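A quick write-up on the structure given underneath.
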Amino acid sequence: MKVTVVGAGNVGATCADVLAYREVVNEVVIVDIKEGVAEGKALDIWQKAPINSYDTRTVGSTNDYTKTKDSDVVVITSGLPRKPGMSRDDLIQTNAGIVKQVTESIIAQSPEAIIIIVSNPLDVMTYQAHITSKLPRTKVIGMAGILDTARYRAFLAEALNVSPKDIQAVLMGGHGDSMVPLPRYTTVGGIPVTELIEEDKLEAIVNRTKTGGGELVKLMGTSAWYAPGSAAAQMVEAIVKDQRRVFPVCMKLEGEYGIDNCYLGVPVILGKNGVEKVIELQLNEDEMKLLKDSEGHVREVMSVLDRING
Ligand code: LMR
């Protein structure tokens with residue numbers, strides 16, 4: 001199995017590193033536009049192999065996509081990260097062109113690859129990659145749900161003083177402040193979370209989750225990478241090992257949840273074909289309203305992309 005990670009910045013390099021040390025695949029190719037950076041990071045990860053005891057080969061390439069030929073899965077992390085004071089949507093003008101160009105280069109070498117988008121604004125960059133690649137919607141998916149859910153689970157684990165491993169949760173909608181964490185579908189070792197935490201504390205955690213990316217941008221002056229890179233690697237693993245994991249991922253909806261032609265996070269089964277099945281939850285009225293609000297926001301940004309693409 002061969003995986004390509006486009007973008008050797010913090011997120012791409014973290015993703016490649018996780019794929020390598022967890023021996024998810026035999027070969028990881030890292031591509032970047034900056035001369036020598038991908039080669040350097042690939043070499044550094046490879047030199048860590050004897051220390052951490054793995055044998056995944058890592059190969060770097062400065063913009064030479066022939067090295068990515070016949071990749072099974074491609075993770076696109078290219079583009080600018082946001083700076084303090086910016087929203088993810090502010091990146092659209094720059095990142096739309098980058099994601100389009102990268103997708104074309106990838107498809108030319110690996111027409112059957114499954115593409116995972118990490119670049120922001122996430123939902124709309126998934127739209128860009130989908131229309132550029134012309135692949136089925138089940139093969140062009142965005143990484144946000146695992147990351148946002150991980151933040152929610154981590155905050156809950158801290159508040160309840162329990163292992164984050166035991167917190168299971170679902171989160172839907174766009175990857176922005178309008179995302180929809182779902183307390184009704186959150187459990188701690190099988191116990192509904194609402195039985196373990198006061199309502200106001202839970203609400204504060206939901207709100208902190210919604211702005212979780214921004215909290216890190218404020219702290220570091222740039223966006224996060226450990227959790228985003230690991231989340232993308234977890235999606236790759238589910239696909240290449242055909243694990244049929246249940247994760248929220250961003251994809252084009254075609255009637256699910258009464259939503260058509262919009263890119264949003266929904267729970268799916270992820271396996272060797274990409275999205276094997278979209279899971280349709282029985283949302284209540286309040287949850288549905290939040291999802292619709294999120295849809296409205298993503299649609300606005302999609303129409304900005306339509307204007308950019310002419
Ligand atoms: C994240 O949520 O960490 C990423 O989408 C990066 C960002 O700008 O917040």
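Remember, predicted model here, so these are calculated numbers, not experimental data. For this chain, numbers begin at 1 and follow the sequence in order.
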N/O donor-acceptor pair under 3.5 Å between Thr56 side chain and Ala20 backbone:
yes
Would you call Lys292 and Ile259 a side-chain contact if the rule is heavy atoms closer than 4.5 Å?
yes
Please determine, by modelled atom types, if His297 and Asp89 share a side-chain donor-acceptor pair under 3.5 angstrom.
yes
Within the supplied structure, the quantity of interest is the number of heavy atoms (other residues, nucleotides, ligands) at a distance under 6.0 Å from Arg22 CZ; does it exceed 12?
no
Counting N and O atoms only, with roles assigned by atom type, does the side chain of Arg151 sit under 3.5 Å from a partner on the main chain of Lys210, one being a donor and the other an acceptor?
no
For Met1, is there any backbone N or O sitting under 3.5 Å from a side-chain donor or acceptor partner on Asn26?
yes
Stepwise, does the side chain to side chain donor-acceptor pair (under 3.5 Å) test hold for Ser61 with Glu39?
CA-CA 6 Å; Ser61 157; Glu39 288 87 339; 5.5 Å; no
Would you call Arg245-Glu237 a salt bridge at under 4.0 Å N-O?
no
Please output the side-chain donor-acceptor pairs of residues 72-79 that fall under 3.5 Å, not counting sequence neighbours, one pair per line with the distance.
unit_1 : atom_1 : unit_2 : atom_2 : d
Asp72  : OD2    : Lys2   : N      : 2.8
Thr77  : OG1    : Val6   : O      : 2.7
Thr77  : OG1    : Gly7   : O      : 3.3

Salt bridge check: are Glu285 and Lys289 linked by an N-O gap of less than 4.0 Å?
no
Decide side-chain contact (heavy atoms from CB on, under 4.5 Å) for Ile92 and Leu305; before the verdict, give the C-alpha distance in whole Å, the side-chain angles of both, and the deciding distance to 0.1 Å.
CA-CA 7 Å; Ile92 191 168; Leu305 184 74; 4.0 Å; yes
In the single-linkage hydrophobic clustering (I, L, V, M, F, W, Y; side-chain heavy atoms under 4.5 Å), do Leu264 and Leu147 co-cluster?
yes
Taking it one step at a time, do Leu135 and Ile107 satisfy side-chain contact (heavy atoms from CB on, under 4.5 Å)?
CA-CA 9 Å; Leu135 285 166; Ile107 287 296; 3.7 Å; yes
Sole residue of Thr62, Thr66, Thr68 in side-chain hydrogen bond (donor to acceptor under 3.5 Å, both in side chains) with Asp64
Thr66
Counting C-beta onward and ignoring hydrogens, is there a side-chain heavy-atom pair between His175 and Asp148 closer than 4.5 Å?
yes
Under 3.5 Å: donor-acceptor pair, side chain of Tyr226, backbone of Val11:
no
Atom pair CD1/CZ of Ile205 and Phe155 - distance to nearest 0.5 Å:
8.5 Å
Looking at Glu199 and Lys201, does any basic side-chain N land under 4.0 Å from a carboxylate oxygen?
no
Can a salt bridge be assigned to the pair Glu256 and Arg137 using a cut-off of 4.0 Å between side-chain N and carboxylate O?
yes
Is Met179 reachable from Leu290 through a run of I, L, V, M, F, W or Y residues, each pair having side-chain heavy atoms under 4.5 Å apart?
no
Is the closest side-chain heavy-atom distance between Val5 and Val31 below 4.5 Å?
no
If you measure only the distance, is there a donor-acceptor pair under 3.5 Å linking the side chains of Ser71 and Thr4?
yes
Hey, could you give me the CG/CD1 distance between Asn63 and Ile33, rounded to the nearest 0.5 Å?
5.0 Å
Look only at the side chain of His130 and the backbone of Lys252, and say whether a donor-acceptor pair between them is shorter than 3.5 Å.
no
Is there side-chain contact between Tyr54 and Ile45, with at least one heavy-atom pair below 4.5 Å?
yes
Between Lys218 and Glu215, is there a side-chain N and carboxylate O pair less than 4.0 Å apart?
no
One pair to check against side-chain contact (heavy atoms from CB on, under 4.5 Å): Tyr257 and Leu281. What are the steps and the verdict?
CA-CA 8 Å; Tyr257 295 92; Leu281 305 174; 3.6 Å; yes
Can you find a heavy atom in the side chain of Tyr263 that is under 4.5 Å from one in the side chain of Met125?
no
If Ile, Leu, Val, Met, Phe, Trp and Tyr residues are connected whenever their side-chain heavy atoms lie under 4.5 Å apart, and connections chain through other members, are Val180 and Leu202 in the same group?
no
Looking at CE of Met86 and OG of Ser223, how far apart are the two atoms once the value is rounded to the nearest 0.5 Å?
10.0 Å
Does a side-chain N-to-carboxylate-O contact under 4.0 Å join Asp32 and Lys41?
no
Roughly how far, to the nearest 0.5 Å, is the CD atom of Glu203 from the CG atom of Asp200?
7.5 Å
Heavy-atom closest pair, residues Gly174 and Val298:
CA-CG2, 3.9 Å
Testing the 3.5 Å rule here: is there a donor-acceptor pair between the side chains of Asn309 and Gln128?
yes
Flag the pair Ile141 / Ile115 as yes when at least one side-chain heavy-atom distance between them is below 4.5 Å, and no otherwise.
no
Can Glu276 and Asn273 be said to form a side chain to side chain donor-acceptor pair (under 3.5 Å), step by step?
CA-CA 6 Å; Glu276 305 283 353; Asn273 301 303; 3.1 Å; yes
If you round to the nearest 0.5 Å, how far is OG1 of Thr138 from CE of Met251?
6.5 Å
Regarding Ser110 and Tyr65, is there a side-chain donor-to-acceptor distance under 3.5 Å anywhere?
no
Is Leu160 atom CG crowded by more than 12 heavy atoms from other residues, nucleotides or ligands, each under 6.0 Å away?
yes
Does Thr186 reach the main-chain N or O of Leu182 with its side chain, forming a donor-acceptor pair under 3.5 Å?
yes
Would you call Leu283 and Met172 a side-chain contact if the rule is heavy atoms closer than 4.5 Å?
yes
Donor-acceptor pair, distance only, cut-off 3.5 Å: does the side chain of Glu23 make one with the backbone of Asp55?
yes
Under 3.5 Å, side chain of Gln47 to main-chain N/O of Asp44, donor-acceptor pair present?
no
Heavy atoms, side chains only, cut-off 4.5 Å: are Gln101 and Thr103 in contact?
no
Take Tyr127 and Asp306 through the test side chain to side chain donor-acceptor pair (under 3.5 Å) and record every step on the way to the result.
CA-CA 10 Å; Tyr127 172 33; Asp306 290 339; 2.5 Å; yes
Looking at Asn120, is its backbone amide N or carbonyl O close enough to the side chain of Asn95 to form a donor-acceptor pair, meaning the two atoms are under 3.5 Å apart?
yes
Side chain Arg153, main chain Ile167, donor-acceptor under 3.5 Å:
yes
When every non-hydrogen atom of Cys15 is compared with those of Ala232, the smallest separation belongs to SG-CB, 4.0 Å
Is there a side chain to side chain donor-acceptor pair (under 3.5 Å) between Ser178 and Ser294 once you walk through the steps?
CA-CA 5 Å; Ser178 70; Ser294 192; 3.0 Å; yes
Spell out, yes or no, whether Tyr185 and Leu291 are grouped together once hydrophobic residues are joined by side-chain heavy atoms under 4.5 Å, including indirect joins.
yes
Taking every non-hydrogen atom, the tightest pair across Val140 and Ser133:
CG2-OG, 3.5 Å
Considering non-hydrogen atoms only, spot the tightest contact between Glu295 and Cys262 and give its length.
CG-SG, 3.8 Å
So with a 6.0 Å cut-off around CD of Glu104, is the heavy-atom count from everything else above 12?
yes
Indicate if Val249 and Val236 have the same hydrophobic cluster label, given that clusters are the connected sets of ILVMFWY residues with side-chain heavy-atom separations under 4.5 angstrom.
yes
I would like to know whether Val217 and Lys83 meet side-chain contact (heavy atoms from CB on, under 4.5 Å); could you show each step before the answer?
CA-CA 6 Å; Val217 173; Lys83 296 219 163 5; 5.5 Å; no
